[in-house]
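Below is one structure; the comments refer to it alone.
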Amino acid sequence: MKILVINGPNINMFGIREPEHYGKETYADLVKKIEGYCAEKNIYCECFQSNHEGELVDRIQQAYGCFDAIVINPAAYTHTSVAILDAVKSVSIPTVEVHISRVEEREEFRQISYIRQAAVKTITGLGTDGYLRAVDFLAEYIG
Ligand code: DQA
């Protein structure tokens with residue numbers, strides 16, 4: 001099984017950025033944690049982060065025919081990007097939406113998620129463990 005983990009804008013600032021929402025782990029810590037977990041489960045994974053919407057769309061398109069599942073935290077693009085939603089719909093790869101913080105308890109503008117329509121599951125508020133729960137879910141979902 002091959003999983004692509006995609007993170008959107010400002011996720012590379014984890015560890016520095018608003019620790020009250022995003023904790024103290026860095027993006028490098030997050031990648032290490034996901035890679036270690038997938039290795040234990042014999043799952044091939046690749047992690048990709050970009051601050052640019054078009055690059056996120058490109059990476060999703062390139063996953064077509066190469067990956068069995070996607071874990072995505074589109075970050076701020078969650079609340080604005082029809083392009084990322086359309087990209088996930090285009091490739092029809094089972095996708096789990098992850099947010100570190102409990103977005104449903106935050107500002108009004110964070111209550112809209114475009115990606116959610118295309119996601120088989122959404123996980124919020126579990127910190128970086130949310131990515132591992134997404135991997136567990138997809139391993140079961142894909143079988
Ligand atoms: C986030 C929540 C988004 O609202 C925010 O823009 C982010 C991170 C999260 O992981 O909790 O950048 O996706």
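Whatever order the structure lists ligands and atoms in, that order sets their numbers, starting from 1.
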Basic-acidic side-chain contact under 4.0 Å: Lys24, Asp29 = no
Do the charged groups of Lys121 and Glu140 touch, with an N to O distance under 4.0 Å?
-> no
Under 30°, 30 to 60°, or over 60°: which ring-plane class applies to His79 and His99, parallel, tilted or perpendicular?
-> parallel
Report each N/O pair between ligand 1 and the protein that falls under 3.5 Å, naming both atoms.
unit_1	atom_1	unit_2	atom_2	d
ligand 1	4 (O)	His79	NE2	2.6
ligand 1	4 (O)	Arg110	NH1	2.8
ligand 1	6 (O)	Ala76	N	3.3
ligand 1	6 (O)	Arg110	NH1	3.1
ligand 1	10 (O)	Asn73	ND2	2.8
ligand 1	10 (O)	Ile100	N	2.8
ligand 1	11 (O)	Ile100	N	3.3
ligand 1	11 (O)	Ser101	N	2.9
ligand 1	11 (O)	Ser101	OG	2.6
ligand 1	12 (O)	Arg17	NH1	3.1
ligand 1	12 (O)	Arg17	NH2	2.9
ligand 1	13 (O)	Asn73	OD1	2.8
ligand 1	13 (O)	His99	ND1	2.8

State, without any angle test, whether Thr78 and Glu97 hold a side-chain donor-acceptor pair at a distance under 3.5 Å.
-> no
Evaluation steps, side chain to side chain contact (heavy atoms under 4.5 Å, CB included), between Val91 and Phe67 | CA-CA 10 Å; Val91 295; Phe67 284 90; over 6 Å; no
Just jot down the side chain to side chain donor-acceptor pair (under 3.5 Å) partners of Asn51, sequence neighbours excluded, or say none.
-> Gln49
